[in-house]
Protein chains: 2
Amino acid sequence: MKILVQKFGGSSLTTEDCRMRAIYHMEKAIDEGYALVVVVSAMGRKGDPYATDTLLQLVRANGNQLPSREMDMLMHTGEIISATIMCSMLNARGIKATILTGGQANIVTSDDFTNAQITSIDPSRILQDLEESQVVIVPGFQGRTADWEITTLGRGGSDTTATALGVALKAETVDIFTDVEGIMTADPRIVEEAQRLGMVTYTEICNMAHLGAKVIHPRAVEIAMHANVPIRVRSTFSDDPGTLVTTMLEIGKMGYTVHDRVVMGIAHVPNITQIKVANKEGSYDTQLQVFKTMATNNISVDFINVNPMGVAYTVHDEMGEKAARLLTEMGYEPQLLPHCAKVSVIGAGMTGVPGVMARIVEALTQEDIQILQSADSHTTIWVLVHEMDMVKAVRALHQQFNLHVQHK
Amino acid sequence: MKILVQKFGGSSLTTEDCRMRAIYHMEKAIDEGYALVVVVSAMGRKGDPYATDTLLQLVRANGNQLPSREMDMLMHTGEIISATIMCSMLNARGIKATILTGGQANIVTSDDFTNAQITSIDPSRILQDLEESQVVIVPGFQGRTADWEITTLGRGGSDTTATALGVALKAETVDIFTDVEGIMTADPRIVEEAQRLGMVTYTEICNMAHLGAKVIHPRAVEIAMHANVPIRVRSTFSDDPGTLVTTMLEIGKMGYTVHDRVVMGIAHVPNITQIKVANKEGSYDTQLQVFKTMATNNISVDFINVNPMGVAYTVHDEMGEKAARLLTEMGYEPQLLPHCAKVSVIGAGMTGVPGVMARIVEALTQEDIQILQSADSHTTIWVLVHEMDMVKAVRALHQQFNLHVQHK
């Protein structure tokens with residue numbers, strides 16, 4: 001059986017028109033001979049009565065004291081409701097469709113309510129239903145524990161459902177339908193000449209996703225990566241094939257290597273505060289004390305630079321004051337620089353290619369952009385800049401690495 | 001453990017005010033030392049986004065081709081949503097509440113989707129949760145098959161959930177909260193002096209319910225009756241104890257017998273068409289042919305009188321024309337009398353009491369009301385009258401049997 005998993009996000013299910021576009025893609029896959037598994041999110045429009053936000057509002061208006069176990073019971077209904085609407089539409093068009101809830105599809109998870117991890121999927125029930133139905137619809141974002149407690153998978157949950165099912169079913173591809181054409185070389189709202197990428201590696205897209213290009217959740221990509229199931233990120237509203245996400249090896253087999261381009265894209269994250277803390281006189285455990293305090297107070301840190309005089313790191317702008325207060329209480333004199341931005345240059349092809357950092361520095365210096373901090377891994381270089389320089393920096397780097405030229 | 005089951009219908013959950021009234025009754029039960037199981041319906045207001053009707057509308061707007069299995073998946077979300085709201089409100093008031101879905105509460109049913117029958121309830125999970133929570137909330141109307149297919153129980157489903165749980169948990173009482181004060185001697189919109197009954201038998205309330213007094217579903221009553229679990233029908237909006245529904249024996253133990261009143265109430269059902277069919281010349285199987293045709297065409301029949309010349313029966317006004325057309329096609333010449341009403345005189349005490357029918361005839365004749373047909377069982381006498389006489393008939397009978405005098 002040739003299996004395809006298609007996932008439709010909330011923005012693909014909001015209106016009758018959107019839903020008809022989704023149906024179009026399903027019918028096309030059926031015509032191409034696929035046994036089709038469709039994963040749906042809750043309907044997405046803000047204020048829509050069955051949207052996740054609206055369900056939450058309802059509880060907030062009524063005491064807002066729902067235990068997390070019962071919160072999952074509430075939240076999982078949104079996806080079931082949109083599944084039934086798609087099921088009804090498919091059947092009305094003569095396509096036999098069946099729904100299996102996350103629990104019925106045997107998506108078994110941990111009991112970390114509101115943020116459960118998938119521990120196993122037994123695909124036998126889905127495979128059995130695919131023998132009798134043209135489409136099996138699975139409401140995304142949900143699973144169950146071994147004891148049939150209802151759980152939800154947290155942020156990006158429907159993406160995770162889709163790729164986890166893709167792996168369990170040995171699907172040919174997992175298509176993630178969204179409202180953009182695929183993975184872009186940069187945010188097209190900032191860089192007009194940004195291009196849709198034809199292929200990227202799992203690692204690259206993870207870095208893009210972590211860094212603010214909200215197309216697919218990193219957790220979902222990691223699951224697909226481990227089993228080497230290709231993902232296609234594409235638009236519900238066009239026939240464009242979108243961006244194929246796979247391994248370097250697979251890309252190589254297609255007669256193309258990631259080394260043909262050193263850099264695949266530029267990502268950016270604004271609203272960052274840089275914090276510098278100098279060691280206290282005669283004390284050397286600053287790093288330990290600082291990060292212990294941040295962790296116990298639930299403040300995420302990033303961009304950590306330790307040096308003999310002290311430590312520099314970043315937090316979200318919203319957390320800046322809280323972090324400063326805690327540090328002051330501990331006897332430090334933190335220096336805060338709010339309104340910074342992290343700009344990332346990403347490319348699996350940059351590994352071992354000399355001069356990438358030099359090109360970054362050159363591009364930014366030419367535009368009089370100050371680099372406040374930098375860091376790098378083998379596939380990404382990050383620079384911290386003032387937020388007012390962010391757009392200029394993304395454009396300069398996009399230009400520097402010739403990303404306006406169309407890529408495969 | 002002293003267990004109480006409370007069921008709140010949609011009209012008791014519609015507004016914040018209603019829900020606070022419901023909470024008031026729950027808190028009172030907890031204060032009285034009960035381990036409390038609460039069954040909730042979906043929120044009731046027409047147009048409310050989570051009301052049953054609104055969920056159905058959503059599907060109707062989107063192809064209206066939902067298989068019954070998937071219909072149940074959709075419909076059961078309404079009750080889950082109202083359960084989470086009540087759970088949140090209780091926890092906000094410091095009362096520990098947990099939800100078990102119908103499936104998790106082990107309400108196991110047949111797989112007759114949209115109209116499943118409860119086949120067993122294993123109460124162990126509820127009992128276990130009652131050790132740790134002050135309230136266990138169970139969304140009504142839903143269950144699961146042995147294979148964890150989601151099912152719903154059809155009309156009156158939440159009442160059925162409540163009494164079935166009452167039986168399984170050996171509850172002291174099942175309280176059915178509604179928007180009326182209890183079981184009335186007649187519809188107070190028609191008979192101003194109608195009285196709230198203090199006690200009625202299971203059989204009496206079944207007859208009242210079947211006959212248009214929409215307070216509790218007969219299926220729910222039958223379940224309670226078989227295990228002899230008392231039901232209390234009462235108002236969410238008052239402290240009135242409502243009507244106790246139990247056996248004649250129990251009522252007797254309380255120093256009162258149903259024989260103290262021959263008749264307990266008068267019910268009525270309008271919109272009835274009487275159909276008379278004469279035998280065809282030389283043919284004697286009219287009855288068989290007529291009822292076979294009605295059955296295969298899904299027309300419910302009632303009030304059947306067979307006589308040597310032919311047969312008389314009633315159908316709902318809406319079905320009159322269809323029935324007539326079918327009969328004409330079969331070569332009969334049906335006589336239709338639309339706009340009739342069935343008026344019922346109900347009382348477990350009438351068994352063996354002579355002269356009840358005589359008193360009915362007397363009361364109606366005095367008011368110049370024509371009796372078109374009649375029928376009787378050991379606890380009920382039915383008369384068919386013209387619909388324009390219905391109100392007058394109910395009032396005359398109410399008066400005749402002294403129902404305006406307050407009852408226990």
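Letters A, B, ... mirror the listed sequences (proteins, then strands); counts begin at 1. Hydrogens, waters and symmetry mates play no part in the numbers below; they use all other heavy atoms, side chains included.
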**Asked** Gln104(A) versus Met73(B): any side-chain heavy-atom pair under 4.5 Å?
**Response** yes
**Request:** Using modelled atom types only, decide if a donor and an acceptor are shared between the side chain of Ser88(A) and the backbone of Gln65(B) within a distance under 3.5 Å.
**Result:** yes
**Segment of Arg125(A) engaging chain B (4.5 angstrom heavy-atom cut-off)** = side chain
**Ring geometry between His76(A) and His76(B) (parallel below 30°, tilted from 30 to 60°, perpendicular above 60°)** = perpendicular
**Request:** With a 4.5 angstrom heavy-atom cut-off, could you sort out which part of Glu70(A) is near chain B: side chain, backbone, both or neither?
**Result:** both
**Which portion of Arg93(B) sits near chain A, non-hydrogen atoms under 4.5 angstrom** = neither
**Request:** Indicate the atoms forming the closest heavy-atom contact of Pro67(A) with Cys87(B), along with that distance.
**Result:** CD-SG, 3.9 Å
**Side-chain donor or acceptor of Arg69(B) paired with backbone N/O of Thr98(A) under 3.5 Å** = no
**Request:** Search all heavy atoms of Thr84(A) against all heavy atoms of Leu66(B) and return the closest pair with its distance.
**Result:** O-CD1, 3.2 Å
**Request:** Output the option from Pro139(B), Ala97(B), Ala92(B) having the highest count of non-hydrogen pairs under 4.5 Å with chain A.
**Result:** Ala92(B)
**Item:** Atom group of Glu149(A) that falls short of 4.5 Å from chain B, counting heavy atoms
**Value:** both
**Prompt:** Counting heavy atoms not belonging to Glu32(A), are there more than 12 under 6.0 Å from its CD?
**Reply:** yes
**Request:** Take atom CD of Glu318(B) as the centre, draw a 6.0 Å sphere, and report whether it contains more than 12 heavy atoms from other residues, nucleotides or ligands.
**Result:** no
**Contacting region of Ile80(A) [heavy-atom separation from chain B under 4.5 Å]** = side chain
**Request:** Give a yes or no on this: more than 12 heavy atoms of other residues, nucleotides or ligands lie within 6.0 Å of atom NZ of Lys2(A).
**Result:** yes
**Message:** Can you tell me how far apart CD1 (Ile81(A)) and CG (Leu74(B)) are? Round to the nearest 0.5 Å.
**Reply:** 6.0 Å
**Contact class of Leu90(A) relative to chain B, heavy atoms under 4.5 angstrom** = neither
